[in-house]
Amino acid sequence: MTVVPGILQEIQDTVEAYARIMAKVAQVEVEVADDRLFRIANLRGACE
């Protein structure tokens, strides 16, 4: 079975950068997943 990367996986660095900004500004944990529920960014504990 071949897994084709989704659009969010192709721009993962950008998604992680925006998620980091959201986590810092809102002081919340941010997790981003695509439509197949593959984790793209995980910033748990980033607001500590």
Side-chain angles (χ1 to χ4, degrees):
M1 181 173 128
T2 304
V3 176
V4 179
I7 202 157
L8 288 179
Q9 286 178 315
E10 293 177 14
I11 60 168
Q12 185 173 7
D13 292 340
T14 302
V15 172
E16 286 179 352
Y18 278 100
R20 184 169 278 100
I21 291 167
M22 288 187 290
K24 191 166 196 148
V25 169
Q27 293 295 302
V28 296
E29 295 178 348
V30 175
E31 205 164 339
V32 179
D34 66 9
D35 60 339
R36 295 173 291 177
L37 298 180
F38 284 117
R39 188 177 297 139
I40 306 300
N42 180 12
L43 294 163
R44 289 188 174 179
C47 59
E48 294 177 356

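- If you take CD1 on Ile11 and CD1 on Ile40, they are separated by 9.0 Å, rounding to the nearest 0.5 Å.
- Expressed to the nearest 0.5 Å, how far CG of Leu43 lies from CZ of Arg20 amounts to 5.0 Å.
- Annotation: side chain of Arg36 is in contact with side chain of Gln9 (closest heavy-atom distance under 4.5 Å).
- The hydrophobic cluster containing Ile21 also includes Val25, under a criterion of side-chain heavy atoms closer than 4.5 Å among ILVMFWY residues, counted directly or through chains of members.
- Looking at residues two or more places apart in sequence or on another chain, you find no salt bridge (charged side-chain N to carboxylate O under 4.0 Å, His left out) involving Glu16.
- No chain of hydrophobic side-chain contacts below 4.5 Å, direct or via other Ile, Leu, Val, Met, Phe, Trp or Tyr residues, connects Tyr18 to Val15.
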